[in-house]
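It should be emphasised that the depicted structure is a prediction, and the values quoted were computed from it without experimental measurement.
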Amino acid sequence: MRILIAGAGIGGLTTALSLHAAGFTDVVVHESVQELRPLGVGINILPHAVRELTELGLGERMAAIGVATADLTFVNRYGQPIWSEVRGVAAGYRWPQYSVHRGRLQFMLLEAVKERLGPDSVVTGSPVTGLDHDADLLVGADGIRSAVRAAMFPEEGEPLWSGQVLWRGTTIGKPFMTGRSMLMAGDDVQKVVVYPIAPPDEDGNVLINWAIQRQGPETVPRGDWNREVAIDTFFHHVADWRFDWLDIPGMVSSAQAVYEYPMVDRDPLPRWSTDRVTLLGDAAHPMYPTGSNGGTQSIVDARVLANALATGRGLEFYESRRRPMCTEIVHANRKDGPEVVMRLAHERAPGGFDDIEQVMPLSELEEIALRYKQMAGFDPATLNERASWSV
């Protein structure tokens, strides 16, 4: 079976590795850019995707480039704690959760593809522009502006803007909180997300990823993550966000580079596949970067697709296992996913609080967290007990 993959991002490269592991030998990845570069900022890979990478034999490589997330903590804009939970192995998973630079993850996968499938398995400067191809299967893993998806659904148009803008960057600084914490601060007006994406250097400094989200004007093309802007564009929004344990304006002002991005997604599709074409990752289900699910779900897509093809169950099985869940995640992320606790805390106590239990009972916080995990397929019991997608 000859398989052509459009896109050498996280989803496309993981698909190549998954197909190879499942016994497919004639697999080629076509990438539109002439030269791949380790672009981007931070990304979180949740335990259900780390399981898939581990079963592909990449667990040690992942541990070498990422930070095993210790906890996820929500605070309001005054730094008062709303909810905190341990993550990864400490939370009962058999696999960790990692925070990592997106470019480093992509290049780790690229190196593995070339090792296992051969140096000619990834062809750059070779865009897939439509549905005409000479393979048995075309996998469209070419992102939110997928040419494959556009050919399947030519009337769809532009990605849908949420009205929110993201400013993202990385800063070298001292560790904060546990040193491996993922922090979300804010309310229904503004959110700030902060977490380390590389182990400490010899001076004890870490590379910190941060993102600021708030309503703003749409000033950049939808779907372009790499437009650099000046810090003055947005700095005033966080100028007074100083906590005892983290100086957010100091961190932002020390950024190496800053990127502006209108937060977009697309409406879920009625189908992902035809007889000889299917979609995967952001080409299939672009979603808001809420709940750390974008890259994670593309990795799981890749493994389920390879299993479906190798076991003879085909694209219908792949789509039945992945499309309903991803549709639900897209809708949940539009409602803030697990980050809804910041909005609820602000609505109930806009001036802050002394005791979060007087604002939101612990049982409500626990239920919100667990419901999202169950919906997205990574509550510990379900993940630990389900069968492997390895063939």
Test item: R168 and V258 side chains (from C-beta on) under 4.5 Å apart, heavy atoms: no
Nearest atoms (heavy-atom pairs only) where A151 meets L131: CB-CG, 3.6 Å
Close side-chain approach of F234 and V252, heavy atoms under 4.5 Å: yes
Set of side-chain contact (heavy atoms from CB on, under 4.5 Å) partners for Q80, sequence neighbours left out: N76, Y78, F353
Within 6.0 Å of CG in D132, more than 12 heavy atoms from elsewhere: no
Test applied, side chain to side chain contact (heavy atoms under 4.5 Å, CB included); reference residue, V100; option that passes from L105, T69, V67: L105
Ionic contact status for E31 with R37, cut-off 4.0 Å: no
Qualifying ring pair (Phe, Tyr, Trp, His ring centres under 6.0 Å) pairs with a residue from residues 293-351, counting only residues at least two apart or across chains: W272-Y318
Distance in Å, H285 NE2 paired with R322 CZ, rounded so as to fall on 0.5 Å steps: 6.0 Å
Test item: L4 and D136 side chains (from C-beta on) under 4.5 Å apart, heavy atoms: no
Minimum heavy-atom distance between S298 and I10, given as atom pair plus value: OG-CG2, 4.0 Å
Worked check of side chain to side chain contact (heavy atoms under 4.5 Å, CB included) between R276 and L138: CA-CA 6 Å; R276 298 172 60 232; L138 168 63; over 6 Å; no
Where L279 and A283 come nearest, the two heavy atoms and their spacing: CD1-O, 3.8 Å
Rounded distance (nearest 0.5 Å) linking atom CD of Q97 with atom NE2 of H48: 9.5 Å
N209 side-chain N/O to V41 backbone N/O, donor-acceptor pair under 3.5 Å: no
Side-chain ion pair, K191 and E339, N-O less than 4.0 Å: yes
Test of ring centre spacing under 6.0 Å for Y93 and W95: no
Test item: E158 and R145 side chains (from C-beta on) under 4.5 Å apart, heavy atoms: yes
Gap separating the CG atom of D336 from the CD atom of Q213, nearest 0.5 angstrom: 7.5 Å
Salt bridge E328-R323, side-chain N to carboxylate O under 4.0 Å: no
Residues in side-chain hydrogen bond (donor to acceptor under 3.5 Å, both in side chains) contact with E367, at least two apart in sequence or another chain: R371
Check: R242 side chain, A239 main-chain N or O, donor-acceptor pair, under 3.5 Å: yes
From E156 atom CD to S146 atom OG, the distance as rounded to the nearest 0.5 Å: 9.0 Å
Check against side chain to side chain contact (heavy atoms under 4.5 Å, CB included), I208 and T170: CA-CA 5 Å; I208 300 171; T170 57; over 6 Å; no
Any donor-acceptor pair under 3.5 Å from D282 side chain to I144 backbone: no
Donor-acceptor contact present, side-chain R116 to main-chain E111, <3.5 Å: no
Side-chain donor/acceptor of T278 to backbone N/O of V139, under 3.5 Å: no
Under 3.5 Å donor-acceptor, Q190 side chain and I212 backbone: no
Straight-line distance of R51 CZ to W389 CH2, nearest 0.5 Å: 10.0 Å
Over all atoms of both residues, closest heavy-atom pair of V50 and I45: CG2-O, 3.5 Å
Sequence neighbours excluded - ring pair (Phe, Tyr, Trp, His ring centres under 6.0 Å) pairs with any residue from residues 130-154: none
R77 side-chain N/O to G186 backbone N/O, donor-acceptor pair under 3.5 Å: no
Greater than 12 external heavy atoms within 6.0 Å of Q215's CD: no
ILVMFWY cluster, Y98 and F107 together (side-chain gap under 4.5 Å): yes
Reported CG-to-CH2 distance for the pair L72 and W83, which is rounded to 0.5 angstrom: 9.5 Å
Which atom of V330 lies closest to which atom of M287, heavy atoms considered: CG2-CB, 4.0 Å
Donor-acceptor side-chain pairing of D379 and T382 below 3.5 angstrom: yes
For T73, side-chain hydrogen bond (donor to acceptor under 3.5 Å, both in side chains) partners two or more places apart: D71, S84
Stepwise side chain to side chain contact (heavy atoms under 4.5 Å, CB included) check, L137 with L309: CA-CA 10 Å; L137 177 65; L309 296 175; 3.7 Å; yes
Check: A284 main-chain N/O paired with R149 side-chain donor or acceptor under 3.5 Å: yes
Donor + acceptor pair across side chains of S181, T178 (<3.5 Å): yes
Any side-chain heavy-atom pair of T54 and M62 under 4.5 Å: no
T311-R313 side chain donor-acceptor pair, cut-off 3.5 Å: yes
Side chain proximity check, V75 to L183, heavy atoms < 4.5 angstrom: yes
Residue pair H30 / D142, side-chain donor-acceptor N/O under 3.5 Å: no
ILVMFWY network linking L166 to V194, side-chain heavy atoms under 4.5 angstrom: yes
Derivation of the side chain to side chain contact (heavy atoms under 4.5 Å, CB included) call for Y372 and N293: CA-CA 11 Å; Y372 189 81; N293 258 296; 2.9 Å; yes
Charged N-O contact under 4.0 Å between R87 and E85: yes
Heavy-atom check, side chain of I82 versus side chain of M184, under 4.5 Å: no
For the student: nearest non-hydrogen atoms of S253 and G250, plus distance: OG-O, 3.0 Å
Counterpart residues, side-chain contact (heavy atoms from CB on, under 4.5 Å), relative to D355 (two or more places apart): E357, Q358
Within 6.0 Å of CD in Q256, more than 12 heavy atoms from elsewhere: yes
CG/D354: more than 12 non-hydrogen atoms of other groups inside 6.0 Å: no
Check: P262 main-chain N/O paired with Q164 side-chain donor or acceptor under 3.5 Å: no
Any donor-acceptor N or O pair under 3.5 Å, side chains Q34, T124: no
Side chain proximity check, W210 to T171, heavy atoms < 4.5 angstrom: yes
Backbone N/O of P286 and side chain of D265: donor-acceptor pair under 3.5 Å: no
R321, CZ: over 12 other non-hydrogen atoms inside 6.0 angstrom: no
